[in-house]
Novice: 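Dumping the structure here so I can ask a few things about it.
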Amino acid sequence: MAQDVLCEVSSCVHNINGENKCGATQIYVVNHKEKSASSSGETDCKTFEPADL
Ligand code: SF4
């Protein structure tokens, strides 16, 4: 199980400001556009929620 999830998506409410870390207790990563991924760029975090920026 992942303990420390690093993430640069600072526009997500779960992102810990300035640390590039995810603060969510659980994340759900899905295939981008529902196509089977063959590279990291073809995956997305479905736990993303927009932060009030
Ligand atoms: S929920 Fe997903 S997008 Fe948001 S900080 Fe965590 S890993 Fe990043």
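Start at 1 and go down the list; that is how both ligands and their atoms are numbered. When a residue number appears, it is its place in the shown sequence, counting from 1. Here the structure is a predicted model, which is why all the values come from computation and not from measurement.
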Novice: Which pair of non-hydrogen atoms, one from C12 and one from F48, has the smallest distance, and what is that distance?
Specialist: CB-CD1, 3.4 Å

Novice: Mind listing the closest non-hydrogen atom pair of V29 and T43 along with its distance?
Specialist: CG1-CB, 4.0 Å

Novice: Under the side chain to side chain contact (heavy atoms under 4.5 Å, CB included) criterion, do V9 and C45 qualify, and how do the steps go?
Specialist: CA-CA 10 Å; V9 183; C45 178; over 6 Å; no

Novice: Could you state the interatomic distance from OG (S10) to CG (N20), rounded to the nearest 0.5 Å?
Specialist: 8.0 Å

Novice: Is a side-chain donor or acceptor of T47 paired with a backbone partner of Y28 at a separation under 3.5 angstrom?
Specialist: yes

Novice: So, the side chain of N31 versus the backbone of A37: is there a donor-acceptor pair under 3.5 Å, distance only?
Specialist: yes

Novice: What protein N, O or S atoms come within a distance below 2.8 Å of atom 8 (Fe) of ligand 1, ordered by chain and number?
Specialist: C7 SG

